[in-house]
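Order of the sequence lines sets the chain letters (A, B, ...), proteins ahead of strands, with each chain counted from 1.
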There are 2 protein chains.
Amino acid sequence: MDRTLGSNEADAAPEAGAGKQARRSATMRRRLCEAALDVLCEVGFQSLTTPMIAARAGVSRGAQTHHFATKTDMLVGAFEHLLQSWDEARHAAFGGRNLGEVPFEDYLRFVWREIFSKPSYVAALELMLAARVDRELGDRLRHALDSPASQRNLRWRQLLRFPDVRKEEQFQYMTLCLLRGMAIHASFNRSDDVNEAVLEAWIELAETVIAVERPERSVAAATERPRRKMRRVPGA
Amino acid sequence: MDRTLGSNEADAAPEAGAGKQARRSATMRRRLCEAALDVLCEVGFQSLTTPMIAARAGVSRGAQTHHFATKTDMLVGAFEHLLQSWDEARHAAFGGRNLGEVPFEDYLRFVWREIFSKPSYVAALELMLAARVDRELGDRLRHALDSPASQRNLRWRQLLRFPDVRKEEQFQYMTLCLLRGMAIHASFNRSDDVNEAVLEAWIELAETVIAVERPERSVAAATERPRRKMRRVPGA
DNA sequence: TTTTACAAACAGTCCAGTCTGTTTTTAATA
DNA sequence: TATTAAAAACAGACTGGACTGTTTGTAAAA
């Protein structure tokens, strides 16, 4: 906010010479994206303005328009920055660990705690809803999500390992939709009363589904009943 | 849009005299609320403006500000109008029928089809998200939801009839959150590919839960195991 | 005649995008 | 290495437009 950069002492020592401009540029872009995300969280999409972001980042409007020509550019940048921060959080929590050895409960609690329950996720939802009527924004947000989404699919493959991939995908989307809905609920009803219980209930339900869809003991069973519907669980 | 009202022939015949002003007022308010909702669906919360609404309703801005002094007033009005339209849709589908005799699947498919999958629901979500940073809007939307929400609780009581009310509430919120999330998914990813499958999967899962939580045969069982956790279903 | 319903213009604010000008970095050349 | 031209980074003002809330004025109802 009040940290000056560029002119005086900030980068007097750090590596001068090659690619200095590239570094300056990257720093500035990151700073603007962070500011944009902050502003988005604080005042919401409705009253977010580009001057606000520039002020928050402590840079001139000229610098902002140089790096992000339009408001949409700025928003997409903030969105990408958020996606990246999720990657970082995941890396901090699980590193390169194979998710196959992470219990479903642990992973679910992680994504809820570190992603969906944060205000920044609600901010992302605002963007996604705004995309409904802003074609360009929508296309660009979807594009930004392309790679992260397919990487997420891979992670959930590791995590769940259902023999029936379609079932697995359904289960993944179901969980995601549930978390999204919970995020809204938490945001709208200031009290987080039910969410903890719902999360717990879903974990139990999910573990049941997992147990049914993925019978650990016999690998053969995986191919024995392919394409089976997610049917009534008891029956015994 | 081009229907004039008030000045010429619109209400020449209809009952004149007592409460004429009240009727005029109610008509105008309804018209404005409908227009507001239309505009909200079409252009989104971000670019919705009060002049747009007045134009859409085909009335002067003076009339609008007379009935809805501020933009927030207008939005709350639109929200209440939407809630009311849900009541009407429900009444059209189930009348005064006791929901105890309506299969869960039927009811769920109804709310998805007639409420959550509509663009107007996404518009409502936009309002609810905007409420995150607009205290007044939030308070008023929550207030508008007070009565409908408690009525919804009663309906779900009828529908589910879990002996354990806490479990039932959890299940209700879980379903609601899931539907919310699905609505966003459908809105953001133009293709509705997975939603149908997810809905079906949830119905199956839900029926399992219902069967476990509500053992029809022995009413005594209801009190036999109270407060039981929604546990693994198989086990036989 | 007093209140309510409607009409239309107005005032103040503020935003997005553009444009002109200045400084820093880079690359090319001597 | 020193010099210089080009390009990129940054600064800040300006414009055209539009929106919200208000106000003044008129017709209809109570």
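For B:His67, whose side chain is taken as the heavy atoms from C-beta onward, the closest listed nucleotide among C:dC6, C:dC15, C:dT26 is C:dC6. Looking at the side chain of A:Lys71, the nearest of the listed nucleotides D:dA9, C:dA16, C:dC6 is C:dA16. With D:dC19, C:dA8, C:dT26 as the candidates, the nucleotide lying closest to the side chain of A:Gln21 is C:dT26. Distances were taken from every side-chain heavy atom of A:Lys20 (C-beta onward) to each of C:dG17, C:dT26, D:dT20; the shortest belongs to C:dT26.
Here B:Thr70 does not reach the OP1 or OP2 of D:dG21: none of its side-chain N or O atoms lies under 4.0 Å away. Contact between the side-chain N/O atoms of A:Thr50 and the OP1/OP2 oxygens of C:dA16 is found at a separation under 4.0 Å. Put simply, A:His66 has no side-chain N or O that comes within less than 4.0 Å of OP1 or OP2 on D:dC10.
Taking the centre of each ring, B:Phe110 and B:Phe116 stay at or above the 6.0 Å mark.
In this structure, the CZ atom of B:Phe68 is 18 Å from the C1' atom of C:dA7, given to the nearest Å. Taking atom CD of residue B:Gln64 and atom C1' of nucleotide C:dT4, one finds them 18 Å apart after rounding to whole Å. Following rounding to the nearest Å, A:Met28 (CE) and C:dT23 (P) show an atom-to-atom distance of 17 Å. We find that CD1 of A:Ile53 is positioned 17 Å from P of D:dC10, with the value rounded to whole Å. Atom pair A:Arg23:CZ and D:dA8:C1' shows a separation of 15 Å (rounding to whole Å applied). B:Arg24 places its CZ atom 13 Å from the P atom of C:dT4, with the value rounded to the nearest Å. Protein atom CG of A:Asp73 is 13 Å distant from nucleotide atom P of C:dA16, rounded to whole Å. Rounded to an integer number of Å, the gap from CZ of B:Arg61 to P of C:dA9 is 13 Å.
The pair B:Glu114-B:Arg90 fails the salt-bridge criterion, with no side-chain N (NZ, NE, NH1 or NH2) lying under 4.0 Å from an Asp/Glu carboxylate O. Looking at A:Arg109 and A:Glu196, a side-chain N of the basic residue comes within less than 4.0 Å of a carboxylate O on the acidic one, giving a salt bridge. For A:Glu34 and A:Arg56, the salt-bridge test fails: no basic side-chain N is under 4.0 Å from an acidic carboxylate O. Of the charged side-chain nitrogens involved, at least one lies within less than 4.0 Å of a carboxylate oxygen, so that A:Arg135 and A:Asp139 count as a salt-bridged pair.
The 5' end of DNA chain D is approached more closely, in terms of each residue's nearest nucleotide, by B:Thr72 than by the other of B:Ala22 and B:Thr72.
Residue contacts for A:Thr65: at a heavy-atom cut-off of 4.0 Å it reaches a base atom on one of the strands shown.
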